[in-house]
Amino acid sequence: DDDDDDDDDIYATLPAKSLIQQILQSLDTILQKEIEATAAPLSPLEQSILETADTASPMMQAIQRQFDAEERLANFQVFRNSLLDIASDARDRAFCVGMMAAELANLPSSTRVKMLETVNGTHRLRIVMRKLSSILAMDSARRVAKSLSLQGGGDGDVKDIKTDLKSLQ
């Protein structure tokens with residue numbers, strides 16, 4: 001997963017200030033979508049499965065996921081509102097935003113290690129932004145797939161989805 005060297009990387013030339021704005025916006029979107037996903041009412045099937053489980057564990061896990069999403073969003077809002085107080089220096093701000101985004105978005109350990117090994121703050125922001133962008137793209141793809149599967153009607157019809165490979169790259 002070495003997408004740091006792409007020649008057509010849209011983040012390669014963005015300055016730290018723009019990266020910070022995009023990271024904050026992306027992180028807000030990710031956390032809001034997590035809240036929506038955990039707050040969505042359970043389908044009758046999901047409710048039945050959780051109620052008939054041998055233990056209360058699945059229901060408790062669902063409640064814990066919702067609590068975790070709400071807590072991370074609250075932490076993000078406090079962080080965003082206090083950012084200038086926490087880090088008035090641009091270099092410190094870049095470090096804080098990158099590290100906090102990694103924590104709140106639950107970025108993988110390999111990404112965090114790469115971030116810690118990076119001494120250039122702008123490069124660290126690029127690492128974070130690429131990962132957040134990937135998370136948003138995967139979420140969008142899941143939503144499209146779910147939308148298509150819901151439209152299928154289950155009558156055995158196979159939908160032929162035509163894509164332009166160039167537009168996906």
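Under the salt bridge (Lys or Arg N to Asp or Glu O under 4.0 Å) criterion, Glu103 pairs with Arg112, sequence neighbours left out. Scored by the side-chain contact (heavy atoms from CB on, under 4.5 Å) test, Ile35 finds Ala69, Glu70, Leu73 as partners (sequence neighbours excluded). Scored by the side-chain contact (heavy atoms from CB on, under 4.5 Å) test, Thr122 finds Ala16, Leu19, Asn120, Arg126 as partners (sequence neighbours excluded). Legend: residues meeting side-chain hydrogen bond (donor to acceptor under 3.5 Å, both in side chains) with Gln64, ordered by chain and number and at least two apart, are absent. With sequence neighbours excluded, the residues satisfying salt bridge (Lys or Arg N to Asp or Glu O under 4.0 Å) with Arg72 are Glu34, Asp68. Qualifying side-chain hydrogen bond (donor to acceptor under 3.5 Å, both in side chains) partners for Thr118, counting only residues two or more places apart in sequence or in other chains: none. Judged as a side-chain contact (heavy atoms from CB on, under 4.5 Å), and not counting sequence neighbours, the contacts of Asn75 are Glu71, Leu104. In this structure, the side-chain hydrogen bond (donor to acceptor under 3.5 Å, both in side chains) partners of Lys33, at least two apart in sequence or on a different chain, are Asp139. Every side-chain contact (heavy atoms from CB on, under 4.5 Å) that Asp89 has, sequence neighbours left out, goes to Arg91, Asp92. For Gln32, the side-chain hydrogen bond (donor to acceptor under 3.5 Å, both in side chains) criterion is met by no residue, not counting sequence neighbours.
Note: Gln25 CD to Leu136 CG = 9.5 Å, rounded to the nearest 0.5 Å. To the nearest 0.5 Å, atoms CG (Leu132) and CG (Asp28) are separated by 11.5 Å. Once rounded to the nearest 0.5 Å, the distance linking CZ of Arg143 with CG of Leu148 reads 14.0 Å. Taking OG of Ser110 as the reference point, atom NZ of Lys131 lies at 6.0 Å (rounded to 0.5 Å). The distance from atom CG of Leu107 to atom NZ of Lys114, rounded to the nearest 0.5 Å, is 11.0 Å. Remark: Arg124 CZ to Leu116 CG distance equals 7.5 Å, nearest 0.5 Å.
Nearest heavy-atom pair, Phe76 versus Leu24, reported as atom, atom and distance to 0.1 Å: CZ-O, 3.3 Å. Taking both residues in full, the closest heavy atoms of Ile23 and Ala101 are given as CG2-CB, 3.7 Å, listed atom of the first, atom of the second, then distance. Contact record, Leu125 with Gly98: CD2-N, 3.9 Å, taken as the closest heavy-atom pair. Ala105 and Ile135 get closest at one heavy-atom pair: O-CD1, 4.3 Å. Summarising the geometry of Ser88 relative to Arg93, their closest heavy-atom pair is O-NH2, 2.6 Å, with the distance given to 0.1 Å.
In this structure, a donor-acceptor pair under 3.5 Å is present between the side chains of Ser133 and Tyr11.
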Donor-acceptor pairs under 3.5 Å, side chain of residues 78-87 to any protein atom, not counting sequence neighbours: which ones?
{"residue": "Asn81", "atom": "ND2", "partner": "Gln77", "partner atom": "O", "Å": "3.2"}
{"residue": "Ser82", "atom": "OG", "partner": "Val78", "partner atom": "O", "Å": "2.9"}

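Within the structure, the salt bridge (charged side-chain N to carboxylate O under 4.0 Å, His left out) test picks out no pair touching residues 10-22 (sequence neighbours left out).
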